[in-house]
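Sequence positions, counted from 1, serve as the residue numbers for this chain. Because the structure is a prediction, the values reported are computed rather than measured.
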Amino acid sequence: MADPGADAAADALLLDVPRGDLRRVLAYLLSPSHLQYSAIMDVLDDAAGDLTLTQVCEGLRARGLEMSDAAVAGRLGRLHRQFEAVRPDPGNDFARIEDLNATRWRYSTTADGRLVHRFWRRMREEGTGRHEIPLTSLQTIVSALHRLAHEHLSPQETAQQVEALFLGHDALDRSMEGNADHLAGLANRFNLDREEAIELKRLLVAYATHVAAQVQEAVSRAFDLLTELRPRFGELAGTAASQSRAAALVSKGYLVAARGASEEHWVQLLEWCRPVEGRAARFTRGLVLAIRPLHLNLRRLQGGSHTSVRSRAIRLAKVCEDREWGGQVTAAALGDHGWMKLSGWSEDGDGASWHDGPVVDIPSLERAAARSGARSGPVARARSRSAAQELLEQVEREQALARASAIAEVLTSKGPLSPDAGRVALEAVTAALSSPGRDGVRSGSDRSRRLVCAVNTSEGVGRVTSEGWSALLPGRRVAFHYGGAAAKGGSGAGSGGGA
């Protein structure tokens with residue numbers, strides 16, 4: 001049966017929404033009874049034609065949802081009157097007024113209802129997972145632009161190339177949406193061991209750098225070709241519009257023109273491909289920058305002692321996933337106490353919350369020093385720290401020598417850097433990019449402040465290359481110098497050392 005409270009809550013959402021507004025169709029997804037509404041829309045959308053009330057009920061039962069005929073009729077009525085997602089049709093085969101009974105009506109989805117429900121159904125079935133970047137679409141875009149710019153094509157061939165161009169662009173643009181954030185978030189998990197984490201990092205870094213380089217190169221070529229075609233945007237749009245089979249309907253305003261049939265579409269494509277500022281450039285920049293949080297997430301995942309709170313929480317989460325013992329471990333962790341803990345309750349009666357317990361005064365010295373451990377017994381004799389101090393000083397000297405060697409390699413090397421030198425160089429580049437710029441130059445240094453990186457605005461692509469990885473900085477030029485020495489011309493000493 002219909003829930004009056006749920007129906008009232010759904011009606012409250014539509015008080016200020018006028019008839020014919022697309023938000024009315026969206027409102028049934030926000031209703032507390034959205035599962036029943038979605039099941040009815042599934043049945044109607046899968047049907048080859050209009051369905052009667054009896055056929056809708058049979059379709060729901062085939063999907064495992066038992067609802068009475070009256071409840072289904074009520075849901076169909078609300079989908080028609082309130083949400084405007086269903087259209088009833090009494091039909092023409094009636095001879096008496098009694099034949100207009102609602103049970104004889106046939107139901108189908110409206111155009112807006114079908115559009116909204118299919119979008120929601122695709123999201124529900126496929127989830128929010130990101131698809132692979134279609135690199136073949138890059139080749140399609142560049143190839144179509146090259147033919148339009150340098151070949152003499154007939155109007156029919158021009159229309160075909162314009163259609164291929166914008167179809168490839170649509171596929172590429174859809175796949176780019178949120179892809180960088182999704183790749184960075186893949187490492188923010190707790191169920192990876194050390195081997196799986198290393199393998200995941202290797203795969204993601206290789207994929208991100210490969211895609212960023214391919215997109216950067218292809219989009220730069222596409223921008224040059226679009227700049228060459230800029231005076232012909234109106235001509236190309238007119239040719240594409242004239243070759244459309246629905247040109248007459250489009251000209252009268254009954255249909256919307258396809259992509260490429262308007263000069264505005266070409267201008268938008270030019271801005272999409274623009275270096276530094278375009279959407280494609282922002283995507284490649286975000287994809288490269290996503291590698292850093294990926295490293296940080298994996299380092300936090302594998303770092304820390306086995307006795308830290310975070311490590312114990314991760315091990316508890318892993319055990320709770322166990323099929324055989326996960327449920328019992330979860331119940332024991334959440335509810336096996338005489339007070340409320342998170343969302344679990346003890347089984348030994350009504351346990352009082354610790355919030356309602358007595359207040360205990362904590363000495364001021366303990367609050368200030370946060371003392372913990374044993375508070376009685378003999379005081380242990382102070383241990384000699386000379387040996388530990390000597391070992392620490394030796395480790396610090398070795399680390400200083402290793403960093404000095406890495407800095408020297410960054411300043412002098414012309415090829416890929418070693419892993420240690422690459423980490424020092426990337427540390428200085430990250431500090432420079434995080435610092436406020438002045439006159440188009442950003443500068444920063446590594447932790448020792450002996451390697452300074454200057455990043456200048458440029459039309460090229462800055463590069464820092466090490467063994468196994470390469471960091472790209474589109475629209476930037478990277479220069480390294482030692483200490484307080486100034487970089488010359490934006491490409492001073494060390495700019496060739498992997499940069």
Side-chain angles (χ1 to χ4, degrees), residues 132-135 137-139 141-142 172 175-176 178-184 186-187 201-224 272-296 409-410 413-419 421-435 437 440-444 446 451 453-480 487 490-492 494-499:
E132 177 185 2
I133 302 296
L135 297 180
S137 298
L138 289 171
Q139 303 302 323
I141 293 173
V142 174
L172 186 62
S175 64
M176 285 182 175
N179 211 295
D181 296 334
H182 181 67
L183 290 179
L186 285 179
K201 180 172 69 173
R202 184 186 67 79
L203 293 175
L204 291 182
V205 171
Y207 175 73
T209 52
H210 174 71
V211 169
Q214 293 289 331
V215 172
Q216 177 71 25
E217 181 181 358
V219 170
S220 177
R221 177 61 178 155
F223 180 77
D224 294 339
W272 188 88
C273 296
R274 184 175 297 278
V276 181
E277 301 174 357
R279 180 181 176 89
R282 293 197 303 271
F283 166 74
T284 55
R285 192 159 54 244
L287 199 60
V288 173
L289 293 178
I291 297 177
R292 175 171 173 78
L294 168 64
H295 282 284
L296 293 177
E409 180 182 350
V410 173
S413 176
K414 301 298 183 182
L417 302 173
S418 65
R423 281 192 292 269
V424 175
L426 190 60
E427 184 180 329
V429 171
T430 304
L433 295 177
S434 303
S435 64
V441 180
R442 298 173 181 266
S443 61
D446 68 328
L451 178 65
C453 173
V455 181
N456 305 329
T457 302
S458 172
E459 295 183 357
V461 179
R463 184 187 298 269
V464 178
T465 304
S466 180
E467 297 179 6
W469 60 267
S470 179
L472 306 178
L473 285 81
R476 300 287 189 272
R477 176 175 294 178
V478 182
F480 296 99
S491 59
S495 63

ask   = Measuring from M176:CE to R282:CZ, what's the distance to the nearest 0.5 Å?
value =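 CZ of R282 is found 11.0 Å from CE of M176.
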
Quick one: does [X]'s side chain have a donor or acceptor within less than 3.5 Å of a partner on [Y]'s backbone?
X    : Y    : result
S466 : L417 : yes
S175 : L172 : yes
S435 : R442 : no
R477 : N456 : no
R274 : A281 : no
D446 : V424 : no
T209 : A206 : yes

Could you tell me which non-hydrogen atom of [X] sits nearest to which non-hydrogen atom of [Y], and how far apart they are?
X    : Y    : result
P416 : E409 : O-OE2, 4.4 Å
A432 : C453 : CB-O, 3.7 Å
V441 : A454 : CG1-CB, 4.4 Å
V464 : W469 : O-CZ3, 3.4 Å
A425 : V410 : CB-CG2, 4.0 Å
A428 : L451 : CB-O, 4.1 Å

Are [X] and [Y] packed together at the side-chain level, in the sense that at least one heavy-atom pair is separated by less than 4.5 angstrom?
X    : Y    : value
P474 : V276 : no
V461 : Q216 : yes
P275 : E459 : no
I133 : Q214 : no

inquiry  = Using the rule given for side chain to side chain contact (heavy atoms under 4.5 Å, CB included), can you reason through L472 versus T284, listing the C-alpha separation, both sets of side-chain angles and the distance that settles it, and then say yes or no?
reply    = CA-CA 9 Å; L472 306 178; T284 55; over 6 Å; no

inquiry  = Let's go through L473 and L433 carefully: what are the C-alpha distance in whole Å and the side-chain angles of both, what is the deciding distance for side chain to side chain contact (heavy atoms under 4.5 Å, CB included) to 0.1 Å, and is it a yes or a no?
reply    = CA-CA 10 Å; L473 285 81; L433 295 177; 3.8 Å; yes

